Participant: 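Take this structure, written in structure tokens, and hold onto it; I'll ask about it next.
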Amino acid sequence: MPNVRSYESALKRSNEIHADLAQHPENYTMLTGDRPTGRLHLGHYFGTLKGRVELQNMGVNTNVLIADYQVITDRDTTEHIQDNVYNMVLDYLACGIDPAKTMIYTHSAVPAANQLMLPFLSLVSEAELQRNPTVKAEMEASGHELTGLLLTYPVHQACDILFCKGNVVPVGRDQLPHIELTRLIARKFNNRYGHVFPEVDALLSDTPLLPGLDGRKMSKSYGNAISISMTAEETAKLIKKSKSDSERMITFDPENRPEVSGLISTAAICTGRDEHEIAAEIGMGGAGALKRFVTDAVNTYFEPIRARRAELAQDMDYVKDVLHEGNRRANEIAETTLAEVREAMGMVY
Ligand code: TRP
């Protein structure tokens with residue numbers, strides 16, 4: 001297919017950017033986000049939050065979106081949305097996202113960014129939307145019908161990235177089709193109406209995906225995810241009741257021993273140690289000793305983050321202020337971009 005890059009070329013480009021970021025952080029604007037459907041967990045932390053904080057501290061222009069409109073792509077309710085959004089801000093701040101450096105905002109508060117959806121929808125064909133593998137996978141996983149929003153949310157995601165002229169988007173491999181679509185939309189818009197939007201690249205992580213405590217994909221619905229916001233006791237309890245197997249000798253073998261290996265991976269990422277080394281150290285200690293080790297590793301790593309979170313939670317007015325200020329700035333940026341879009345399209349009256 002023309003214009004569609006392979007995973008290999010996206011990876012190559014991503015590696016080039018990784019190498020350049022520290023030298024020229026001022027050339028990069030990062031945009032990424034999360035759906036506020038619950039608390040963020042260790043998968044989010046090690047998969048993306050930590051990396052965002054690093055980019056922020058390097059001096060990249062960093063923007064984090066709480067994607068509230070994406071919540072209704074595959075569910076029929078906005079129950080708990082406000083609570084989820086405020087808690088997401090808390091998770092961000094606790095993990096080191098600094099609102100003086102990083103803009104934190106929500107979709108629904110930024111009308112001008114949403115308005116980009118109209119011209120952008122005119123730049124994609126139905127066939128392009130229909131063949132997006134991520135949309136199909138999400139539809140199947142959620143059991144939800146294909147609504148207009150689920151079909152077109154990748155276009156909305158292009159609005160997210162392009163309203164602030166984002167040019168780097170930290171994503172997992174599964175999100176690459178969305179980045180491709182964003183590139184296509186920007187290119188088509190620029191060709192048709194004049195140059196407004198940058199070229200966007202995915203920033204692919206080299207950290208392997210952290211599995212859940214049972215070795216399956218980490219997901220709140222599987223009960224195998226440790227939330228950042230959990231207490232040390234809640235963490236201990238969840239680890240204690242996680243599955244292991246009947247073999248006493250602990251070995252790292254994700255293929256044949258997914259449960260035990262999921263636990264070891266969690267300990268490895270929190271201690272920065274090698275999985276096999278941890279397994280050898282536990283050895284005949286069995287699942288009990290392994291679980292104690294994992295609990296200690298997680299609780300030690302997250303102790304300062306959780307302490308900070310608890311302290312911030314005492315001052316929800318501050319947390320709300322952070323979001324309001326982010327939304328205010330996002331509106332300013334979105335208005336400026338929308339004005340450029342109107343100008344390029346000749347819609348100036
Ligand atoms: N789709 C992302 C998720 O499910 C969230 C998101 C929304 C996003 N808009 C984005 C990510 C723009 C990167 C860029 O978590």
Side-chain angles (χ1 to χ4, degrees), residues 10 14 17 28-49 51-52 55 60-75 81 84-85 88-89 91-92 97 102-110 113-114 116-117 120 129 132-139 141-142 144 149-186 197-205 209-210 217-221 225 228 326-327 330 333-334 337:
S14 169
I17 293 170
Y28 297 96
T29 295
M30 179 213 83
L31 180 290
T32 190
D34 304 282
R35 297 179 189 198
T37 54
R39 303 295 168 269
L40 295 173
H41 54 54
L42 264 58
H44 297 114
Y45 180 81
F46 290 108
T48 167
L49 291 172
R52 293 176 196 176
L55 292 174
V60 171
N61 172 10
T62 40
N63 304 280
V64 177
L65 161 65
I66 301 178
D68 55 354
Y69 275 137
Q70 267 191 22
V71 169
I72 48 170
T73 51
D74 64 1
R75 56 188 80 197
I81 191 113
N84 287 346
V85 167
M88 195 159 265
V89 177
D91 281 339
Y92 290 158
I97 292 189
T102 298
M103 182 171 84
I104 303 173
Y105 72 101
T106 49
H107 270 146
S108 60
V110 192
N114 291 306
L116 294 175
M117 187 78 171
F120 285 5
L129 295 173
N132 183 305
T134 309
V135 168
K136 276 188 211 153
E138 280 181 38
M139 187 178 78
S142 66
H144 205 282
L149 184 62
L150 183 51
L151 181 67
T152 57
Y153 98 80
V155 182
H156 196 235
Q157 206 158 295
C159 303
D160 298 340
I161 297 166
L162 294 173
F163 96 96
C164 64
K165 310 219 172 149
N167 60 358
V168 283
V169 185
V171 286
R173 190 175 176 163
D174 64 315
Q175 296 271 310
L176 271 182
H178 298 345
I179 305 299
E180 278 305 321
L181 190 71
T182 302
R183 293 167 61 84
L184 181 78
I185 287 171
F197 296 110
E199 179 157 351
V200 182
D201 284 292
L203 212 49
L204 292 157
S205 166
L209 211 61
L210 179 65
K217 180 181 174 347
M218 193 183 297
S219 162
K220 209 178 85 174
S221 55
I228 297 164
N327 284 339
I333 295 167
T337 303

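If you're wondering where the values come from, they're calculated on a predicted model, not measured in any experiment. Counting starts at 1 for both ligands and their atoms, following the listed order.
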Participant: Taking the side chain from Asn327 and the backbone from Ala109, do they hold a donor-acceptor pair closer than 3.5 Å?
Facilitator: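 A pair under 3.5 Å: no.
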
Participant: State whether the number of non-hydrogen atoms from other residues, nucleotides or ligands found under 6.0 Å of Leu209 atom CG is greater than 12.
Facilitator: no

Participant: Can any side-chain N or O of Ser14 pair as donor or acceptor with the backbone N or O of Leu204 at less than 3.5 Å?
Facilitator: yes

Participant: Tell me the closest heavy-atom pair linking Gly38 and Met88, and the distance in Å.
Facilitator: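 Smallest heavy-atom distance, with atoms named: O-CE, 4.0 Å.
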
Participant: From Tyr69 OH over to Met117 CE, what is the distance, rounded to the nearest 0.5 angstrom?
Facilitator: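 It is 11.5 Å, given to the nearest 0.5 Å.
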
Participant: Show me the side-chain donor-acceptor pairs of residues 155-164 shorter than 3.5 Å, one per line, residues at least two apart or across chains.
Facilitator:
{"from": "His156", "atom 1": "NE2", "to": "Asn114", "atom 2": "OD1", "distance (Å)": "2.7"}
{"from": "Gln157", "atom 1": "OE1", "to": "Gln70", "atom 2": "NE2", "distance (Å)": "2.7"}
{"from": "Gln157", "atom 1": "NE2", "to": "Gln175", "atom 2": "OE1", "distance (Å)": "3.0"}
{"from": "Asp160", "atom 1": "OD1", "to": "His107", "atom 2": "NE2", "distance (Å)": "2.9"}
{"from": "Asp160", "atom 1": "OD2", "to": "His107", "atom 2": "NE2", "distance (Å)": "3.1"}

Participant: Who's touching ligand 1 if we go heavy atoms under 4.0 Å?
Facilitator: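 Residue list for ligand 1: Leu31, Thr32, Gly33, Arg35, Leu65, Ala67, Gln70, Gln157, Asp160, Ile161, Val169, Gln175.
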
